[in-house]
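Whatever order the structure lists ligands and atoms in, that order sets their numbers, starting from 1.
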Amino acid sequence: MAHTNGTVHTNGGELTATARAHSNIALAKYWGKRDAALNIPAVGSISITLDGLHTETTVSFRDDLSHDELWLNGSRHSDGHPAMRRAGIVLGLVRERAATDLHATVTSTNNFPTGAGLASSASGFAALAVAACAAAGLDESPRALSVLARRGSASAARSLFGGYAELHAGSAADGNDAFAEPLMGASEWPLSVVVAITDTGEKAVSSTEGMSATSATSPFYRSWVDSSGALLDRMRDAILAHDLPEVGELTEHSCLALHSLMFTTQPALIYWNAATMAAIHTVRELRAGGLPVYFTIDAGPQVKALCLPEDADAVAHALSAVPGVRQTRTTGLGPAAHILAAP
Ligand code: DP6
């Protein structure tokens, strides 16, 4: 559970807190919104939170600022940057709830490449929501924090929780039933993910822009939305049954359905490079050889391979040998977003 109270400290009028949130990858993917202004997803999604990839964010509300400032990995974001606009929405909601008009300095660092399809917006906005509420002295429930993080980035709603989490699309117009909740703890079924990094550059088209184009132009978008409920039901059941072959097959199906949507968007969204395709084939060859390993890919060229912890070294070894794979990172399942103690 995320805790937002207890560690807030004031320092000469400052209200400060630091949170860490872990990245997540969706096994059953989200793509498309039922309300763009409130950032409400059109479909539900199920993810795993990753131990090895995280964001740490400090939020300080200060009485000497006339606007919010955002520093990401040591560089200041300009006011017009999309991340700044979204951070402003989250901070504005926190100000409203805390009945304050103080602005904030937000300092955020990722321990992995930013904006490259490794879900930095998921960990980033989850950490922001938790740190901002704590800094403002708000004691929000995990569900309320999840709804707040969703306003920054929908996948961030899932990073509030550790292990396996499900984000509901909901049906309420205000989006208050579009929250994530924990499905199963990390320790109940520890799996590993080997991330094959093929390119660390930032993607040309953000997820937000990409999914907006898809919903407007892909002829497959309606079937994606219509078939999402059945896939989620099967994925949830397979996770609760610890059925890796079923979870893996559904994960690959959701990934390929997502990328089919992307390919059929006009203009086409092709996030893959040659190494992405080669890594897919390597995973399939490993599986044909008897190793239970399954791939998934988000809005970027990295391939994430899902496997048992005891097979992770063999999977990493095989993926490292794929031409174009620059590095691999192996991670287990991670914890919920949490406040870090003040230094
Ligand atoms: C392919 O959550 O980054 O990773 O809500 O517009 O910020 P916004 O999009 P975002 O999209 C994630 C897309 C995905 C699939 C997923 O994580 O479910």
Side-chain angles (χ1 to χ4, degrees), residues 21-50 53 55 81-87 89-90 110 114-129 146-161 164-170 175 178-180 183 193 195 202-203 205-215 218 221 224-225 228 231-232 235 250-263 265 269-272 276 295-304 306:
H22 291 255
S23 173
N24 72 71
I25 51 170
L27 304 180
K29 310 281 190 198
Y30 137 68
W31 195 253
K33 302 182 197 290
R34 70 175 172 84
D35 187 315
L38 295 175
N39 206 32
I40 307 176
V43 299
S45 53
I46 293 178
S47 62
I48 45 177
T49 299
L50 304 178
L53 283 70
T55 301
H81 194 282
M84 192 65 229
R85 191 185 58 76
R86 288 154 172 248
I89 292 174
V90 173
N110 296 328
T114 301
L118 290 169
S120 52
S121 70
S123 50
F125 284 103
L128 175 66
S146 171
V147 169
L148 179 64
R150 194 206 74 226
R151 294 294 297 272
S153 185
S155 53
R158 304 184 308 239
S159 272
L160 259 297
F161 305 101
Y164 301 77
E166 177 166 1
L167 170 58
H168 304 286
F179 57 86
L183 202 54
V193 174
V195 184
E202 287 210 25
K203 55 193 162 205
V205 182
S206 71
S207 296
T208 310
E209 291 163 341
M211 64 180 81
S212 159
T214 297
S215 57
S218 172
Y221 182 68
W224 161 262
V225 174
S228 66
L231 180 90
L232 278 173
M235 181 66 85
L250 293 170
T251 297
E252 289 192 355
H253 176 71
S254 176
C255 164
L256 293 173
L258 168 68
H259 286 273
S260 304
L261 283 181
M262 292 166 167
F263 296 156
T265 297
L269 294 167
I270 305 178
Y271 288 105
W272 298 1
T276 312
F295 64 83
T296 188
I297 303 154
D298 292 300
Q302 333 302 353
V303 175
K304 294 112 182 185
L306 184 69

- request: Work out whether the distance between some heavy atom of Arg150 and some atom of ligand 1 is less than 4.0 Å.
  value: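 In this structure, Arg150 fails to qualify as a contact of ligand 1 - no heavy atom is under 4.0 Å.
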Sole residue of Ser23, Ser45, Ser146 in side-chain hydrogen bond (donor to acceptor under 3.5 Å, both in side chains) with Arg158: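 Of the listed options, the one satisfying the test is Ser45.
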Got a donor-acceptor contact below 3.5 angstrom from the [X] side chain to the [Y] backbone?
X	Y	answer
Thr49	Phe161	yes
Thr214	Gly210	yes
Arg150	Asn39	yes
Ser254	Leu250	no
Arg86	Gly152	yes
Ser218	Ser215	no

task: Quick one: look at Asn39 and ligand 1, take heavy-atom pairs under 4.0 Å, and tell me if it's side chain, backbone, both or neither.
output: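 Just the side chain.
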Should you measure from each heavy atom of [X], which atoms of ligand 1 turn up under 4.0 Å away?
X	value
Met211	9 (O), 11 (O)
Ser121	3 (O)
Arg158	16 (C), 17 (O), 18 (O)
Ala26	16 (C), 17 (O), 18 (O)

Distance-only side-chain donor-acceptor flag, Asn110 / Ser120, under 3.5 Å: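 Note: Asn110 and Ser120 side chains miss the donor-acceptor criterion.
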Identify the closest protein heavy atom to [atom]: which residue and atom is it, and at what distance?
atom	value
atom 2 (O) of ligand 1	Ser155 OG, 2.7 Å
atom 7 (O) of ligand 1	Ser153 OG, 2.6 Å
atom 4 (O) of ligand 1	Asp298 OD1, 3.4 Å
atom 6 (O) of ligand 1	Lys33 NZ, 2.6 Å

Any N or O on [X] sitting closer than 3.5 Å to an N or O of ligand 1?
X	answer
Tyr30	yes
Thr208	yes
Ala154	yes

query: Is the count of non-hydrogen atoms from other residues, nucleotides or ligands lying under 6.0 Å from His168 atom NE2 greater than 12?
result: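 Atom NE2 in His168 is packed in, count exceeds 12.
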